[in-house]
Amino acid sequence: MLGLLATGAGLAAAELIVGLVQGSASPVVPVGQVFIDWVPKPLKDWAIEQFGTNDKVVLVLGALIVVLGLGVVVGVLAMRGARGAAYALTGVIGLLGGFAVLTRPAPSVGKLLPTIVGTGVSIAVLWYLAPRPAGATVPGQIQADAQPQDMGVDRRRFIAGAIGIGSVAVIAGGLGRMLQERFAVDSERNALILPSASSSAPTLPVDAQLDISGIGPFVTPSNEFYRIDTALVVPQVSKDSWKLKIDGLVDNEIELTFDDLLARPQVERYVTLSCVSNEIGGDLVGNALWQGVLLKDVLEEAGLQSGAEQVVSRSIDGWTCGSPTEQIMDGRDAMLAFGMNGEPLPARHGYPVRLVVPGLYGYVSATKWVTQIRLTGWDEYDAYWIPRGWSKLGPVKTMARIDTPRSGSDKAGTVPIAGVAWAVHRGISNVQIRVDEGEWLDADLGGVPSNDTWVQWVYYLDAEPGRHVIEARAIDGEGNPQPEQPRPVAPDGAQGYHRITIETSLSSG
Ligand SMILES: Nc1nc2c(c(=O)[nH]1)N[C@H]1C(S)=C(S)[C@@H](COP(=O)(O)O)O[C@H]1N2
Ligand SMILES: [Mo]
């Protein structure tokens, strides 16, 4: 109890400092990351299965297990009268936090401030609450209280102190979290007007959006677009402080400001983005209109040296991903994006600048809040998710999703079976459905602006009354049908047919 209180108060104090001092860093995520790096493989695999590439819960849980677990030991030591050992172990927890923070990129002494203050607060709480040898006093306490063996007084003081410190800790932690939003970029984002792109978006074919209820919009509104990242608090990066550094195996290192980027030729393109953790039939996929500068143009200016096989991009929060240089440079619209659906990127989607690469899963291409691009050899560096059990190559797999009807529903008469299908950058040439493992039947496809987006599809089914299993599959632009063999999301994306079961009856009822 004492140990939990002391370490909890320390964590709360650290969060408060993060909220007060811009540029300081919470030790929670780094400790969680170090913890995850150390846990045995089976546990890691389990976590991947549970949380995919959205490991926030694991990060926080990991950090809390480590810190509070050690905190319990501290408490036991303190209660047994080993105060010196309790202080020392608290110091070790602090060192561990500090070490974890320093393993993150761009370490600085300022970033350590929350950890240092948090450790200090933990030790102070211990010092104040731990049972002390007879005769010792605490400031503000009258000498008479400290009767030898007067456990009643000690106990009361402990409970009052514990409640007081506990409440202050909860308030301080909450306040810290609120204050962290203070560095919010909402107002500058709202005031920002993007110049119109020199190469504007292709006009959408009129039939891109099929008129069928239950099928999602062709363009996903930004506020409905899925969000996946390891950030516990959305990074708030001001466009005026933002810089992008391009280094590594290049002839000329380049540093770009946000204004430099806006001054360059721009494109606007519809691109479908998908998460490798998207389950069959899942919604970790969306299609948006992205505005930005082609990465190829910038990299050509930097001058790629031989051996620059990998484009490693790094976010302000230290997250990294690696993409094959060949694909970035092959003419696809890989971009440094700052616009999404006609507006500056929302903070949660990477304001001010992120990467978007048609055809690659987000974990190997779509760095949000990007601040560095380093050219390396392919084997020279493994980015964030690679040592965590995910494939180094992450091309988006061909997939058809059935959006309507919902599995388990009852339908009468002709039933439109409809959804979306994507094979980003290869395009979709056909979508088919089959009923009860019968023949494959060709669906009608909506229009698309390019091979880089999903396509809507529909098949009007007149089925015999009864219970039916309906499956869908897509065939990509190169004629390859989506593989049937089911596979889980790890290590390189889910595979298999989306399957629903419906009950049909004659329309007359
Ligand atoms: N900085 C940062 N960028 C990131 C990630 C991250 O954890 N941190 N996750 C990636 C993953 S796994 C995906 S699927 C996409 C999701 O982008 P979205 O949240 O805009 O949909 O962002 C990518 N970019
Ligand atoms: Mo992802």
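Only a predicted model underlies this, so the values are computations on that prediction, with no experimental measurement involved. Every number for a ligand or one of its atoms is a count from 1 in the order of the listing.
A donor atom on one side chain and an acceptor atom on the other are not found under 3.5 Å apart for Q485 and Y497. In the model, R269 has a side-chain atom that pairs as donor or acceptor with a side-chain atom of S199 under 3.5 Å.
Of the options Q482, H425, R426, a side chain to side chain donor-acceptor pair (under 3.5 Å) to D476 is made by R426 and by none of the others.
In this structure, Y361 contributes its side chain and K397 its backbone to a donor-acceptor pair below 3.5 Å. Under the 3.5 Å distance criterion, the side-chain polar atoms of K368 are matched with a main-chain donor or acceptor of I228.
A cation-pi contact, defined as under 6.0 Å to the ring centre and within 45° of the axis, links R388 to Y384.
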One line per pair, note the atom names and distance for all nitrogen or oxygen contacts under 3.5 Å between ligand 1 and the protein.
{"from": "ligand 1", "atom 1": "1 (N)", "to": "S315", "atom 2": "OG", "distance (Å)": "3.1"}
{"from": "ligand 1", "atom 1": "1 (N)", "to": "K368", "atom 2": "O", "distance (Å)": "3.2"}
{"from": "ligand 1", "atom 1": "3 (N)", "to": "K368", "atom 2": "N", "distance (Å)": "3.0"}
{"from": "ligand 1", "atom 1": "7 (O)", "to": "T230", "atom 2": "N", "distance (Å)": "2.9"}
{"from": "ligand 1", "atom 1": "7 (O)", "to": "W319", "atom 2": "NE1", "distance (Å)": "3.3"}
{"from": "ligand 1", "atom 1": "9 (N)", "to": "I228", "atom 2": "O", "distance (Å)": "3.3"}
{"from": "ligand 1", "atom 1": "17 (O)", "to": "R354", "atom 2": "NH2", "distance (Å)": "3.1"}
{"from": "ligand 1", "atom 1": "19 (O)", "to": "I228", "atom 2": "N", "distance (Å)": "3.0"}
{"from": "ligand 1", "atom 1": "19 (O)", "to": "K368", "atom 2": "NZ", "distance (Å)": "2.5"}
{"from": "ligand 1", "atom 1": "20 (O)", "to": "H349", "atom 2": "ND1", "distance (Å)": "2.7"}
{"from": "ligand 1", "atom 1": "20 (O)", "to": "R354", "atom 2": "NH1", "distance (Å)": "2.7"}
{"from": "ligand 1", "atom 1": "20 (O)", "to": "R354", "atom 2": "NH2", "distance (Å)": "3.4"}
{"from": "ligand 1", "atom 1": "21 (O)", "to": "Y226", "atom 2": "O", "distance (Å)": "2.7"}
{"from": "ligand 1", "atom 1": "24 (N)", "to": "A366", "atom 2": "O", "distance (Å)": "3.0"}

